[in-house]
Structure formats: C-alpha cells, structure tokens
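The next block holds one structure in the form of structure tokens; read it before the comments.
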Amino acid sequence: MNKNLKLVVNNKLKIEEKYFFEKKELKTILDLYGKMVSEGSWKDYGLNISSRQIGFCVFKNSSENAKYKICKNFKPFNENLKYSITDFRGKILKSSHNLFLLIKNTNWKKL
C-alpha cells in the first residue's frame, strides 16, 4: 500500500447556483410581452436556460422560429453584453449592461 496517498472527504454539499431572471427583470420583460401581445405583434414565448445564459424567446406564431430573444448572460466577456436582444439566427441586435434601459430604448416596431 502506498503511504503517500491521502483520503480526502468533502462533507460539505455544494449548492449549485440557480440561474434565472431576477423578479424585477422578469416583470419588466412580461410587461413588455403583454403590451406587444395586446398590439398583436407577439403571440407566444418560451424560455431557453443554460449555464451561460437565459433567453426569453418571442414568437410571432408558435409554429415559427423565435422572432427575438431577450438574453441575460451570466458570465459576459464584456459588461455591455450582460443583456442583449438577438434575432432568430442569434445575431446581436442591441446590447446593454442594464435590462431596463435596453427594453426602454428599443423601438420594437422598427427592430
């Protein structure tokens, strides 16, 4: 038996962080969603969740690809990429460090 080996026991449970939109962020997005649904621009939504980002996907029709995706990046390379709006191909249309300003300053009809 090798005397240089040591048994290491880690009894502490690692609590994994849950990644999601914060309550105020989700309320802002859902307020926008409700406004756009009432105007007839948006019909459905879905959520994409991964360890890197969460995305609120917006659909014109439920049988199509997502028209837009409002993303929150958990570990952005650049602070200005914390929140972004992408098209259905994943191309970043707008980005910001602040979700509320991003949504407020976006002209959704011209996007």
Side-chain angles (χ1 to χ4, degrees):
M1 189 160 157
N2 190 342
K3 294 182 181 184
N4 293 330
L5 293 177
K6 292 183 181 180
L7 177 63
V8 177
V9 178
N10 185 357
N11 289 332
K12 294 181 183 179
L13 293 176
K14 183 179 177 183
I15 300 172
E16 292 189 29
E17 294 182 45
K18 300 293 181 191
Y19 295 112
F20 203 71
F21 289 112
E22 294 176 12
K23 186 176 181 179
K24 286 175 66 176
E25 295 168 337
L26 191 57
K27 182 183 179 335
T28 301
I29 293 170
L30 289 174
D31 287 346
L32 171 66
Y33 176 75
K35 176 184 168 191
M36 299 304 284
V37 166
S38 68
E39 292 176 2
S41 300
W42 296 353
K43 301 283 185 206
D44 201 3
Y45 74 92
L47 294 172
N48 276 348
I49 303 170
S50 74
S51 61
R52 293 182 315 131
Q53 75 173 204
I54 181 166
F56 185 91
C57 304
V58 176
F59 298 87
K60 177 75 175 165
N61 294 312
S62 57
S63 63
E64 297 178 355
N65 289 333
K67 188 173 185 180
Y68 304 112
K69 187 161 119 177
I70 301 169
C71 302
K72 177 180 180 179
N73 296 303
F74 302 122
K75 297 175 185 174
F77 297 112
N78 178 341
E79 188 60 33
N80 202 36
L81 294 173
K82 174 127 177 133
Y83 299 99
S84 61
I85 300 169
T86 63
D87 65 6
F88 68 95
R89 292 184 202 107
K91 179 183 174 191
I92 296 176
L93 303 173
K94 291 188 87 172
S95 64
S96 177
H97 68 283
N98 185 312
L99 176 67
F100 310 105
L101 292 176
L102 179 66
I103 289 176
K104 179 183 173 186
N105 295 330
T106 301
N107 186 341
W108 293 97
K109 295 188 189 258
K110 291 185 178 180
L111 191 62

Separation between CD1 (Ile54) and CG (Asn48), nearest 0.5 Å, reads 8.5 Å
* Fit a plane to each ring of Tyr45 and Phe56, take the angle between them on a 0 to 90° scale, and name the class: parallel (under 30°), tilted (30 to 60°) or perpendicular (over 60°). => parallel
Nearest heavy-atom approach of Ile70 to Leu32 is CD1-CD2, 4.2 Å
In terms of heavy-atom contacts, His97 and Asn80 come closest through N-OD1, 3.5 Å
Worksheet item: Out of curiosity, does Phe20 fall in the hydrophobic cluster containing Phe100 (side-chain heavy atoms, cut-off under 4.5 Å, transitive links)?
Response: no
In this structure, NZ of Lys27 is separated from CD of Glu22 (nearest 0.5 Å) by 15.0 Å
One should read off an interatomic distance between Ile85 CD1 and Leu93 CG, to the nearest 0.5 angstrom, of 7.0 Å
Heavy-atom nearest pair, Lys72 first then Phe21, reads CB-CE2, 3.6 Å
**Prompt:** Do the side chains of Leu26 and Leu101 join up, straight or via other hydrophobic residues, at under 4.5 Å, putting them in one cluster?
**Reply:** no
Apart from Leu81 itself, members of its ILVMFWY cluster (side-chain separation under 4.5 Å) are Ile92
Between the NZ atom in Lys69 and the CZ atom in Phe59, the distance rounded to the nearest 0.5 Å is 10.0 Å
CA sep, side-chain torsions, deciding dist, call: Lys35, Asp31, salt bridge (charged side-chain N to carboxylate O under 4.0 Å, His left out): CA-CA 6 Å; Lys35 176 184 168 191; Asp31 287 346; over 6 Å; no
OG of Ser41 to OH of Tyr33, rounded to nearest 0.5 Å, is 11.5 Å
Practice problem: Say whether, by atom type as modelled, one donor and one acceptor occur between the side chain of Ser50 and the main chain of Gln53 under 3.5 angstrom. | Solution: yes
Contacts of Phe88 meeting ring-ring contact (aromatic ring centres under 6.0 Å, His included) (sequence neighbours excluded), chain-then-number -> none
So NZ of Lys82 and CD of Glu79: to nearest 0.5 Å the spacing works out to 6.5 Å
